[in-house]
Amino acid sequence: MLQTLPAGTSLEPLFAALERDGAVIVERLIDAVHCRRIAGEFRPWLDREGLDSAGEFNGFKTLRISQVIARSPAALPLLEHPLVLATADRFLLKNCLNYQFGSLTGIEILPGEGNQRLHRDQNCYWKRFEGLEMQVSALWALDDFTLENGATRVVPGSHRWPLDRLPTADDLVVQATMPVGSLLLYLGSTFHGGGANRSNAARLALINTYALGWLRQEENMYLSIPREAADALPESIRLLMGYRRHGLVGWYPGAPEN
């Protein structure tokens, strides 16, 4: 089982669980009404283009959307939730001057979908380094996550594995069951994957990844979010989108400093 902590928990137990297991659940950080608001903003985009990225890895019965910042104003507070940013501070700032969004994705697993292949999020990068966390991920449950509807599968302790080790049938895999409004935090080096949906209803999540500020982002925020939309956002969100320097990297006239 993954450790489950209540909303309002202190940071040290949360960090200790992440250090030990590579993932931790914090229950009921946002209310169900807020979750329904985000889901309603996602709905037309999920219906219109959710299967555009369907395939063996993403699944053929899983809907995915990007461009979350431009499409869901209600999601913005989740992107810079203090608990999430404190976690990114703890695990990323030891290796960078600042961090940024790696990707922001709405994911809805439909009935009949199978288990996603277990993977590490930071394996999107061509080169990896032993012991270096490149990403921290925050998965928000916009529906109840159950054993039946595809609650995310996690391999506890896999963040400490060698880079070339892959999960086998002998490794412990647990599902992150949690009520709507809860948060699953996990490290970029932790093996995980979407679960099989054996229920008769879909389950929806928002997944934010935060990456070291000197890495290229998985989602190109400068092109996926129109400039006029970015200009209307709070500065704190623009900085997380990458509109600042990392030392001398990303310099442009008037660029915010680190």
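The residues of the chain are indexed from 1 along the displayed sequence.
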Inset, instruction - Applying side-chain contact (heavy atoms from CB on, under 4.5 Å) between Pro156 and each of Asp171, Thr190, Val174, report the one that passes. - result: Val174
Only pairs under 3.5 Å count here: list side-chain donor-acceptor contacts from residues 3-27, not counting sequence neighbours, and write none if there are none.
{"unit_1": "Gln3", "atom_1": "OE1", "unit_2": "Arg20", "atom_2": "NH2", "d": "2.8"}

Inset, instruction - Check whether any side-chain N or O of Asn115 sits under 3.5 Å from a backbone N or O of Ala196 as a donor-acceptor pair, and report yes or no. - result: yes
Inset, instruction - Apply side chain to side chain contact (heavy atoms under 4.5 Å, CB included) to Phe91 and His159, showing your working. - result: CA-CA 12 Å; Phe91 288 92; His159 62 304; over 6 Å; no
Legend entry - Student check: side-chain heavy atoms of Gln175 and Thr152 closer than 4.5 Å: no
Inset, instruction - Mark yes or no for whether Gln100, through its side chain, and Gly242, through its backbone, hold a donor-acceptor pair below 3.5 Å. - result: no
Inset, instruction - Heavy atoms only: give me the nearest Tyr99-Arg244 pair and the separation to one decimal. - result: O-NH2, 3.1 Å
Inset, instruction - Report the distance from atom CG of Leu97 to atom CG of Leu92, rounding to the nearest 0.5 Å. - result: 12.5 Å
Inset, instruction - Would you mind reporting whether Val84 and Trp140 have side-chain heavy atoms less than 4.5 Å apart? - result: yes
Legend entry - Leu83 with Ile207, same ILVMFWY side-chain cluster at under 4.5 Å: no
Legend entry - Polar side-chain atom of Arg128 near backbone of Met134 as donor-acceptor pair, under 3.5 Å: no
Inset, instruction - Name the orientation class of the two ring planes belonging to Phe101 and Tyr210 (parallel below 30°, tilted from 30 to 60°, perpendicular beyond 60°). - result: tilted
Inset, instruction - Return the minimal non-hydrogen interatomic distance between Arg203 and Asn149, and the atom names on each side. - result: CG-O, 3.0 Å
Legend entry - Side chain to side chain, Phe60 and Leu51, heavy atoms closer than 4.5 Å: no
Legend entry - side chain to side chain donor-acceptor pair (under 3.5 Å) evaluation trace for Ser137 with Asp121: CA-CA 8 Å; Ser137 297; Asp121 278 350; 2.9 Å; yes
Inset, instruction - Using a 4.5 Å cut-off on heavy atoms from C-beta on, say whether the side chain of Leu63 contacts that of Leu110. - result: yes
Inset, instruction - Check for a donor-acceptor pair, side chain of Arg165 on one end and backbone N or O of Arg160 on the other, with a separation under 3.5 Å. - result: no
Inset, instruction - Determine yes or no for a side-chain-to-main-chain donor-acceptor pair under 3.5 angstrom, with Ser182 supplying the side chain and Arg28 the backbone. - result: yes
Inset, instruction - Report yes if the side chains of Arg48 and Ile65 come closer than 4.5 Å at any heavy-atom pair, otherwise no. - result: no
Inset, instruction - Report yes or no: do Leu206 and Val33 belong to one cluster of Ile/Leu/Val/Met/Phe/Trp/Tyr joined by side chain heavy-atom distances under 4.5 Å? - result: no
Legend entry - Reported CZ-to-CD distance for the pair Arg117 and Glu56, which is rounded to 0.5 angstrom: 7.5 Å
Inset, instruction - Could you tell me whether Glu108 and Arg43 make a salt bridge, using a distance below 4.0 angstrom between a side-chain N and a carboxylate O? - result: yes
Inset, instruction - Flag yes if Leu2 and Leu187 sit in one hydrophobic cluster, no otherwise; membership is Ile, Leu, Val, Met, Phe, Trp, Tyr, and two members link when side-chain heavy atoms are under 4.5 Å apart. - result: no
Legend entry - Point-to-point distance, once rounded to the nearest 0.5 Å, from CG of Leu78 to NE2 of His34: 5.5 Å
Legend entry - Any donor-acceptor N/O pair, Gln217 side chain to Met241 backbone, under 3.5 Å: yes
Legend entry - Pairing of Arg71 and Glu49 as salt bridge, 4.0 angstrom limit: yes
Inset, instruction - Output the distance between atom CG (Asn95) and atom CD (Glu133), rounded to the nearest 0.5 Å. - result: 9.0 Å
Inset, instruction - Take Ile109 and Phe145, measure what side chain to side chain contact (heavy atoms under 4.5 Å, CB included) needs, and give me the verdict at the end. - result: CA-CA 11 Å; Ile109 297 181; Phe145 271 41; over 6 Å; no
Inset, instruction - Verify whether one side chain among Gln122 and Ser189 offers a donor that lies under 3.5 Å from an acceptor in the other. - result: no
Inset, instruction - Could you tell me the separation between the CG atom of Leu212 and the NE2 atom of His246, rounded to the nearest 0.5 Å? - result: 7.5 Å
Inset, instruction - Begin with the C-alpha distance, continue with both residues' side-chain angles, and end with the deciding distance and a verdict on side chain to side chain contact (heavy atoms under 4.5 Å, CB included) for Glu235 and Tyr243. - result: CA-CA 9 Å; Glu235 182 182 23; Tyr243 284 98; over 6 Å; no
Inset, instruction - Calculate, to the nearest 0.5 Å, the distance between atoms CD1 and CG belonging to Ile30 and Leu142 respectively. - result: 6.0 Å
Legend entry - Members besides Leu248 in its Ile/Leu/Val/Met/Phe/Trp/Tyr cluster (side-chain heavy atoms under 4.5 Å): none
Legend entry - Full working for side chain to side chain contact (heavy atoms under 4.5 Å, CB included) between Lys61 and Asn197: CA-CA 9 Å; Lys61 294 183 179 180; Asn197 190 341; over 6 Å; no
Legend entry - Cluster link Leu240 to Leu139, ILVMFWY, side chain under 4.5 Å: no
Inset, instruction - Might you confirm whether atom CG of Asn200 has over 12 heavy atoms from other residues, nucleotides or ligands at distances under 6.0 Å? - result: no
Inset, instruction - Give the cluster check for Leu46 versus Val180: same hydrophobic cluster or not, with ILVMFWY residues linked at side-chain heavy-atom distances below 4.5 Å. - result: no
Inset, instruction - Please confirm whether the backbone N or O of Thr62 pairs with a side-chain atom of Glu113, one donor and one acceptor, at under 3.5 Å? - result: yes
Inset, instruction - Indicate yes or no: at least one non-hydrogen side-chain atom of Phe191 is less than 4.5 angstrom from one of Leu166. - result: yes
Legend entry - Within-4.5 Å side-chain heavy-atom neighbours: Leu76 and Ile69: yes
Legend entry - For Ser72 against Phe42, the heavy-atom pair lying closest together: CB-CE1, 3.6 Å
Inset, instruction - Find out whether Thr105 and Ser66 are in side-chain contact, i.e. whether some heavy atom of one side chain is under 4.5 Å from a heavy atom of the other. - result: no
Inset, instruction - Provide the closest heavy-atom pair for Ile225 versus Gln67 in the form atom of the first, atom of the second, distance. - result: CD1-CA, 3.9 Å
Inset, instruction - Fit a plane to each ring of His119 and His192, take the angle between them on a 0 to 90° scale, and name the class: parallel (under 30°), tilted (30 to 60°) or perpendicular (over 60°). - result: tilted
Legend entry - Minimum heavy-atom distance between Gln135 and Cys124, given as atom pair plus value: NE2-SG, 4.0 Å
Inset, instruction - Return the minimal non-hydrogen interatomic distance between Leu204 and Ala39, and the atom names on each side. - result: CD2-CB, 3.6 Å
